[in-house]
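What follows is a short report on a single structure.
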Protein chains: 2
Amino acid sequence: MKASIKIIAEQSGVSKTTVSFVLNGRGDEKNISADTQKRVLDTALRLNYQPNHLARSLSTGRSYTIGFVVPDISNPFFSRIARLVEHYAEEKGYSVMMASTDEKPEKEQKIINSFHNRQIDGVIIAPSSVDMIKNTPNFPFVTFDRQMPNFRTANITINNEESAYQLTQKLFERGCNRVGVVTLKAFLPNIKQRIDGYKKALQDNKLITDMELIVEANINDIRATIKSGIDTLMNLSRPVNGIFFLNNVLATEGIWVFNRYYPQLLDKVLFASFDNIDVFDYVQPKVISALQPGEEIARNCVNMLIAQIEGKNLQEAICLSTTIIER
Amino acid sequence: MKASIKIIAEQSGVSKTTVSFVLNGRGDEKNISADTQKRVLDTALRLNYQPNHLARSLSTGRSYTIGFVVPDISNPFFSRIARLVEHYAEEKGYSVMMASTDEKPEKEQKIINSFHNRQIDGVIIAPSSVDMIKNTPNFPFVTFDRQMPNFRTANITINNEESAYQLTQKLFERGCNRVGVVTLKAFLPNIKQRIDGYKKALQDNKLITDMELIVEANINDIRATIKSGIDTLMNLSRPVNGIFFLNNVLATEGIWVFNRYYPQLLDKVLFASFDNIDVFDYVQPKVISALQPGEEIARNCVNMLIAQIEGKNLQEAICLSTTIIER
DNA sequence: AAAAATTACTAAACCGGTTTAGGTGCAAAT
DNA sequence: ATTTGCACCTAAACCGGTTTAGTAATTTTT
């Protein structure tokens with residue numbers, strides 16, 4: 001017989017109410033005698049009572065589950081954050097449901113709907129759009145990695161422009177005199193900010209921004225588009241000797257392309273990339289990277305989300321700094 | 001006013017029962033007139049009705065949520081499977097809760113308890129122990145990546161021994177004459193199988209298994225233990241010129257150690273490793289890897305778990321093959 | 001001694017669905 | 001003129017908890 005509060009009540013000769021109070025540790029507060037409390041607890045133990053979380057959630061309106069939604073959970077940057085979010089959430093008694101959007105707003109919307117219907121308490125998301133937030137009012141959201149323009153949510157980001165500036169600047173300091181950038185064909189504000197930082201670094205080095213130095217990759221056909229982008233950069237009348245990649249996926253593919261198609265130039269160019277990942281430690285070309293503070297990002301996401309869930313005053317936006325790692 | 005079945009019933013002048021039938025598409029089957037059905041559906045649409053998944057789950061006993069539990073979701077092998085599991089689960093209408101065990105049985109048990117209490121329908125797990133399975137009878141489990149000895153569950157594994165044999169064999173074919181192995185200090189059957197495959201390859205090359213060729217790393221202090229393991233292998237009276245790593249984490253750390261401490265030997269040794277990951281494409285030393293069939297693993301895990309959940313006859317165990325990738 | 005407060009406990013409503021076991025009324029069959 | 005069958009619909013129990021608004025008995029206060 002699967003133990004329920006009702007069964008425990010019957011077996012210890014008290015009401016469901018009493019059992020509920022006792023099992024929730026509110027026995028003293030509710031003036032349940034020590035005797036009765038012991039009896040109830042013993043029965044619960046004896047029957048190996050396991051509370052039904054669903055039933056509790058239904059009646060309290062809180063599921064103690066949060067969503068973690070990113071473009072791709074297998075992207076090392078996101079899976080690292082996922083792990084940390086899981087950790088901080090667990091500390092606060094929350095479980096985590098995860099899903100990948102593939103950077104597709106429709107899929108994102110479906111996921112949010114599904115999570116919302118499942119009565120999840122709130123969502124941490126690296127958003128591809130803001131539609132699902134608009135379509136789901138009164139639902140706690142914390143966005144991270146991207147900040148949507150013209151739309152305010154609780155948000156954790158990094159100083160994209162400044163970090164991009166520093167990364168580009170480092171390339172120049174390390175001897176590059178012509179620096180290209182590989183960006184993504186996508187309308188995301190952090191991309192624009194990173195490009196702005198790049199441009200600013202060029203300016204400060206008395207270089208005009210040359211549009212042929214900016215090449216776009218397409219997320220849906222990444223290997224081929226990066227190959228052709230890099231070919232473009234290397235076949236300029238004055239080829240680049242430094243390349244700035246807007247994120248780890250682009251950089252990883254860039255490394256692949258260079259090892260395969262430009263092996264003779266591996267030590268002639270320098271890379272810079274957002275997101276520090278382990279492999280940058282031992283690949284060629286050398287990569288200067290901007291390490292995002294994963295722990296802080298995850299911790300803040302979880303804290304801000306739970307604050308929102310609990311209706312506390314919420315901090316609107318936090319901007320964190322990266323650490324530039326040279327190699 | 002948040003729409004519920006009750007509200008819809010009132011507003012369209014029928015009973016909750018009727019609404020429930022209609023919204024579940026069982027209107028015809030239950031002989032609800034076309035007229036009434038339309039009225040109910042219109043009301044639901046007008047009120048933007050969103051079903052409460054919790055309530056449904058509570059009454060049906062099915063949450064349409066599955067758990068995905070691995071040692072570390074940020075390990076690229078597991079995050080790749082996670083992504084695929086999510087995909088196949090979604091196809092079948094299931095959401096996925098994820099958690100990392102850190103290879104700790106107590107944590108594993110806590111996670112399983114939490115998932116079980118949350119009325120999750122079943123769990124896909126790369127187990128660190130079998131205790132939580134024994135402690136949670138009548139709960140659908142599918143294990144993958146590891147097969148626990150003396151304990152039968154629905155299970156997906158790969159041909160560990162054969163793959164390890166092939167990897168080691170390749171090292172010999174590619175010119176290595178002394179091959180060491182880096183293993184993990186952990187009691188997991190797949191580790192033993194992989195070591196067995198390695199030993200078998202040595203035998204077939206008329207070599208006796210030399211215990212000094214087998215070094216152990218400790219998962220909790222991986223960088224230091226791998227360093228000292230590799231030092232051991234390189235300082236033997238006859239140092240190795242091939243190293244077989246039991247998984248991608250070990251190999252990745254091994255690559256790091258070599259780039260840092262043995263840069264002069266990068267092209268003098270050859271690596272072999274389980275789990276093909278992208279970086280193996282462009283690092284030194286060269287890595288021969290065993291690519292696990294992620295799609296098949298994930299698809300089978302999901303299918304077998306759902307079959308179990310639905311009480312269908314379940315296939316007990318599936319063993320898949322890896323693909324050896326040379327570089 | 002009556003009123004007020006405290007202790008110890010509970011009935012019943014509620015959360016939002018599903019499902020069982022019927023109940024009408026009307027047409028067809030006996 | 002009953003009985004049977006069917007089309008159409010619903011009351012009420014149920015899932016397993018939480019919570020409000022109480023009650024009865026005892027103790028304290030006035």
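Scope of the values below: all heavy atoms of this structure, side chains included, with no hydrogens, waters or symmetry mates. Each chain gets a letter, A, B and so on, in the order the sequences are listed, and its residues count up from 1. All of these numbers come straight from a predicted model, not from anything done at the bench.
- dC8(D) atom P lies 17 Å from atom NZ of Lys38(B), rounded to whole Å.
- Here salt bridge (Lys or Arg N to Asp or Glu O under 4.0 Å) pairs that include residues 6-28 of chain A, with residues two or more places apart or in two chains, are Arg26(A)-Glu29(A).
- Summarising the geometry, the separation between CD on Gln119(B) and P on dG16(C) is reported as 19 Å, rounded to the nearest angstrom.
- Checked against side-chain contact (heavy atoms from CB on, under 4.5 Å), Lys110(A) has the following partners two or more places apart in sequence or in another chain: Glu90(B).
- Legend: residues meeting side chain to side chain donor-acceptor pair (under 3.5 Å) with Ser74(A), ordered by chain and number and at least two apart, are Asp72(A).
- Atom CD1 of Ile7(A) and atom P of dG17(D) are 10 Å apart (whole Å).
- In this structure, a donor-acceptor pair under 3.5 Å is present between the side chains of Thr18(B) and Ser15(B).
- With 3.5 Å as the limit, one finds a donor-acceptor pair spanning the side chains of Gln292(A) and Asp275(A).
- Sorted by first and then second residue, the side-chain hydrogen bond (donor to acceptor under 3.5 Å, both in side chains) pairs with a member in residues 294-304 of chain B read Lys92(B)-Asn303(B); sequence neighbours excluded.
- Between the axis at the start and the axis at the end of the helix from dA1(C)-dT30(D) to dT30(C)-dA1(D) there is an angle of 60°, using five pairs per end and rounding to 10 degrees.
- Considering only residues two or more places apart in sequence or on other chains, Ser59(B) meets the side-chain contact (heavy atoms from CB on, under 4.5 Å) condition with none of them.
- If you measure from atom CD of Glu29(B) to atom P of dT18(C), you get 13 Å, rounded to the nearest angstrom.
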Base versus backbone protein contacts along nucleotides 7-15 of chain C [heavy-atom cut-off under 4.0 Å; B, S, -]:
-BBBBB--B
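- Atom CG of Leu54(B) is separated from atom C1' of dG16(C) by 9 Å (rounded to the nearest Å).
- Counting any heavy atom pair closer than 4.0 Å across all strands shown, Ser20(A) reaches a base atom.
- In this entry the distance linking CG of Asn117(A) with C1' of dG17(C) reads 13 Å, nearest Å.
- By the side chain to side chain donor-acceptor pair (under 3.5 Å) test, Glu103(B) pairs with Ser128(B), Arg146(B), sequence neighbours left out.
- Partners of Arg118(A) under the side-chain contact (heavy atoms from CB on, under 4.5 Å) rule, at least two apart in sequence or in another chain, are Met97(A), Ser114(A), His53(B), Tyr64(B), Thr65(B), Ser95(B).
- Within 4.0 Å (heavy atoms only), Arg26(A) reaches sugar-phosphate atoms of the nucleic acid but no base atom.
- As rounded to whole Å, 11 Å separates atom P of dT19(C) from atom CZ of Arg62(B).
- Atom P of nucleotide dG17(D) and atom OH of Tyr64(A) are separated by 16 Å, given to the nearest angstrom.
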